[in-house]
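Please read all numbers here as calculations on a predicted model, not as lab measurements. First the proteins, then the strands, lettered A, B, ... as listed; each starts at 1.
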Number of protein chains: 2
Amino acid sequence: MHKLDESLLSPLPPFSKLGKTQIRTILDQATSRRIESGAAVFHEGALAERFFLLLDGTIRVVKTTADGEQVTSIHIPAGQLFGIAKALSRTTYPATARAASEALALSWPTTLWDNFVTEYSGFATETYKTVGDRLGELNTRVIEMSTQHVEQRIARALLRLISQSGRQVEQGIEISFPITRKDVSEMTGTTLQTVSRLLSSWEKNGLVTSKRKKIIICNPHQLAILGEA
Amino acid sequence: MHKLDESLLSPLPPFSKLGKTQIRTILDQATSRRIESGAAVFHEGALAERFFLLLDGTIRVVKTTADGEQVTSIHIPAGQLFGIAKALSRTTYPATARAASEALALSWPTTLWDNFVTEYSGFATETYKTVGDRLGELNTRVIEMSTQHVEQRIARALLRLISQSGRQVEQGIEISFPITRKDVSEMTGTTLQTVSRLLSSWEKNGLVTSKRKKIIICNPHQLAILGEA
DNA sequence: CGGCAGTTTGATCCCGGTCAAAATATGTGG
DNA sequence: CCACATATTTTGACCGGGATCAAACTGCCG
């Protein structure tokens, strides 16, 4: 393992208040790992022996139901902590984390968690902010699923994705990792057929462009309007 | 305000590790308040100036959508903390808390939060366990809404209610606070008509009994089976 | 150039929402 | 204690959004 640079961590919220030496210590305790696209970082129900920081890529957090259906609960963008079961005093991971595209993550043994919380000022606050954000996101998911139609849910899901992991390209803003119709359906509680039909019709109206595993939003504003009604 | 007894807090998880004097101090800083049925304890978006402990009754946490629809995100049973925006480093309450029946709560100014966390061992851990549980509950809500039919969602919602706030009565287990068809529909993302139809049909099969604002589960086991399929 | 993973499109069906109206409780004031 | 207003529940009729089933099509990879 080659030596990690301090500039990796210093701009990230959980570590932004720390000095050079502290960051050095943290990095020296870290294990870095490359995760290939589609591979799992950890599995639902497994003992939470480590917690992670995503340096690059996107992680998809997925739950599998008793009858084998997949439901995506959130996407984690680069720069965020994940697998932080300890923060919720859980001993096992509540869901499976899978790389949506090739990803790079640091990790530390969970035994260091309490250490991080007490030693590094701002670490606890920032992680709980993340927890709070995720709670908020799940909450809006529940509300959307209770009150809105499929079209609006999908529109909003796409907008959320580009706001979190969007990349400006010529035709608009694209989702920066490969994503299929099926993936979108698992995020929104629908079927891939319905997603396909909607994307086709949106493409006809110039709202989006899509190739295989790739979605580009050409007209976010118009899509946002669709997401309300 | 009459003096509060220490035995109120000592059995509750967030305070269970504390000594008599510590509990005395905590109680002396508390304000106690009776909330009449249907009244709000705090409103969505309001500044989170206090955090609460529910001593008696049940709190319904509700969000209102832009177009005026209500969605219930969770119910809080007696003995739990709520309004703990500070734990998620939020400055405002994310939802409205309303008494489902007459309720009694203690509260403290949010400024004391950090104090509680550092002074009282186990307080932080226990509150984050609560946060974790609520995250888990929202997660299963999302999964249920994505993968299950109305009948199963309602069955499970009722089972969750009795496991959390159930009271043994002659005919079975009743939900210990007044609850209407509309309330159930707001918990499950359906309509009161559908809830009414299902309850009627379940009543025909002896699964439940219900009067106005009252639901009794006569056969939890059978209902659990319905909740799967 | 197979073969597989992903996408598209069509046809059909049914769950559960919506609209409507009546029946039943509960509460209130005279 | 009754009459009336209001909240809750029930039931019926209808219909439409999306799921489901099915089949063809299109890239992409080895």
Side-chain angles (χ1 to χ4, degrees), chain A residues 36-38 60 65 67-71 98 100-102 144-155 157-158 175 177-205 208-216 226-227 229, chain B residues 36-38 65 67-71 98 100-102 144-158 175 177-205 208-216 226-227 229:
Chain A
E36 59 185 317
S37 181
R60 201 197 309 282
T65 63
D67 50 312
E69 279 184 283
Q70 307 269 338
V71 179
R98 207 172 276 287
S101 54
E102 185 175 330
E144 289 180 2
M145 304 211 55
S146 302
T147 60
Q148 311 200 299
H149 285 187
V150 169
E151 180 171 48
Q152 335 201 42
R153 300 212 303 268
I154 295 180
L158 294 183
I175 295 169
F177 54 87
I179 186 166
T180 67
R181 312 290 184 255
K182 182 139 194 297
D183 292 331
V184 176
S185 75
E186 285 174 0
M187 299 173 55
T188 51
T190 29
T191 60
L192 70 165
Q193 291 91 335
T194 299
V195 174
S196 173
R197 275 185 247 270
L198 276 170
L199 284 179
S200 295
S201 105
W202 289 346
E203 187 146 15
K204 227 167 270 157
N205 303 4
V208 304
T209 309
S210 73
K211 317 184 206 346
R212 177 176 244 245
K213 289 192 176 195
K214 197 109 285 292
I215 299 175
I216 303 173
L226 265 188
Chain B
E36 60 185 315
S37 182
T65 64
D67 50 312
E69 279 184 282
Q70 307 268 337
V71 178
R98 208 171 276 285
S101 54
E102 184 174 333
E144 288 180 2
M145 305 210 55
S146 302
T147 61
Q148 311 200 298
H149 285 186
V150 170
E151 181 171 48
Q152 336 200 39
R153 300 212 302 268
I154 296 178
R156 287 166 176 239
L158 294 183
I175 294 169
F177 54 87
I179 186 167
T180 67
R181 311 292 184 255
K182 182 140 193 297
D183 293 330
V184 176
S185 75
E186 286 174 358
M187 299 174 54
T188 50
T190 26
T191 60
L192 70 163
Q193 290 91 334
T194 299
V195 174
S196 173
R197 274 185 248 270
L198 276 171
L199 284 179
S200 296
S201 104
W202 289 346
E203 187 145 17
K204 230 167 268 158
N205 303 4
V208 305
T209 309
S210 74
K211 318 186 205 346
R212 179 176 240 243
K213 290 193 177 194
K214 199 109 284 292
I215 300 176
I216 303 173
L226 264 188

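Once rounded to the nearest 0.5 Å, the distance linking CZ of Phe177(B) with CD of Glu102(B) reads 15.5 Å. Atom CD in Gln70(A) sits 9.5 Å away from atom CG in Asp183(A) (nearest 0.5 Å). Here the OG1 atom belonging to Thr194(B) is positioned 7.0 Å from the CD1 atom belonging to Ile154(B), to the nearest 0.5 angstrom.
Distance Asp183(B) CG to dT8(D) P: 8 Å, rounded to the nearest Å. Atoms CD (Gln152(A)) and C1' (dG18(D)) sit 14 Å apart, rounded to a whole Å. Taking atom CD of residue Glu203(A) and atom P of nucleotide dT9(C), one finds them 10 Å apart after rounding to whole Å. Between the CG atom of Leu192(A) and the P atom of dT8(C) there is a distance of 10 Å, given to the nearest Å. One can place NZ of Lys213(B) at 17 Å from C1' of dT10(D), the figure rounded to the nearest angstrom. Residue Leu199(B) contributes atom CG, which lies 13 Å from atom C1' of dT8(D) at whole-angstrom precision. Per the geometry, CG belonging to Leu198(A) stands 13 Å off C1' belonging to dA19(D), to the nearest Å. Here the P atom of nucleotide dG16(C) and the CZ atom of Arg153(B) are 8 Å apart, to the nearest Å.
A sub-4.0 Å separation between OP1 or OP2 of dT8(D) and a side-chain N or O of Thr180(B) is absent. Distances shorter than 4.0 Å separate some side-chain N or O of Thr194(A) from OP1 or OP2 on dA19(D). Within the structure, a side-chain polar atom (N or O) of Ser200(B) is placed less than 4.0 Å from OP1 or OP2 of dT11(D). Distances shown here put every side-chain N or O of Thr190(A) at or beyond 4.0 Å from the OP1 or OP2 atom of dG18(D). In this model, the phosphate group of dT9(D) is not approached by any side-chain N or O of Ser196(B) to a distance below 4.0 Å at OP1 or OP2. Contact between the side-chain N/O atoms of Arg181(B) and the OP1/OP2 oxygens of dT10(D) is found at a separation under 4.0 Å.
Residue-level contact check: Gln193(B) touches the bases, meaning some heavy atom is under 4.0 Å from a base atom.
Between Leu226(B) and Glu151(B), some side-chain heavy-atom pair lies under the 4.5 Å cut-off.
Nearest-nucleotide positions on DNA chain D place Ile179(B) closer to the 5' end than the other of Ile179(B) and Gln148(A). Place Gly189(B) and Lys211(A) on DNA chain C by their nearest nucleotides, and Lys211(A) ends up nearer the 5' end.
Side-chain contact of Gln193(A) with Arg181(A): a donor-acceptor pair under 3.5 Å is absent, judged by distance alone.
Considering only side-chain atoms of Val150(A), the nucleotide from dC21(D), dA19(D), dA20(C) that sits closest is dA19(D).
Side-chain atoms of Arg197(B) and base atoms of dG17(C) include no donor and acceptor less than 3.5 Å apart.
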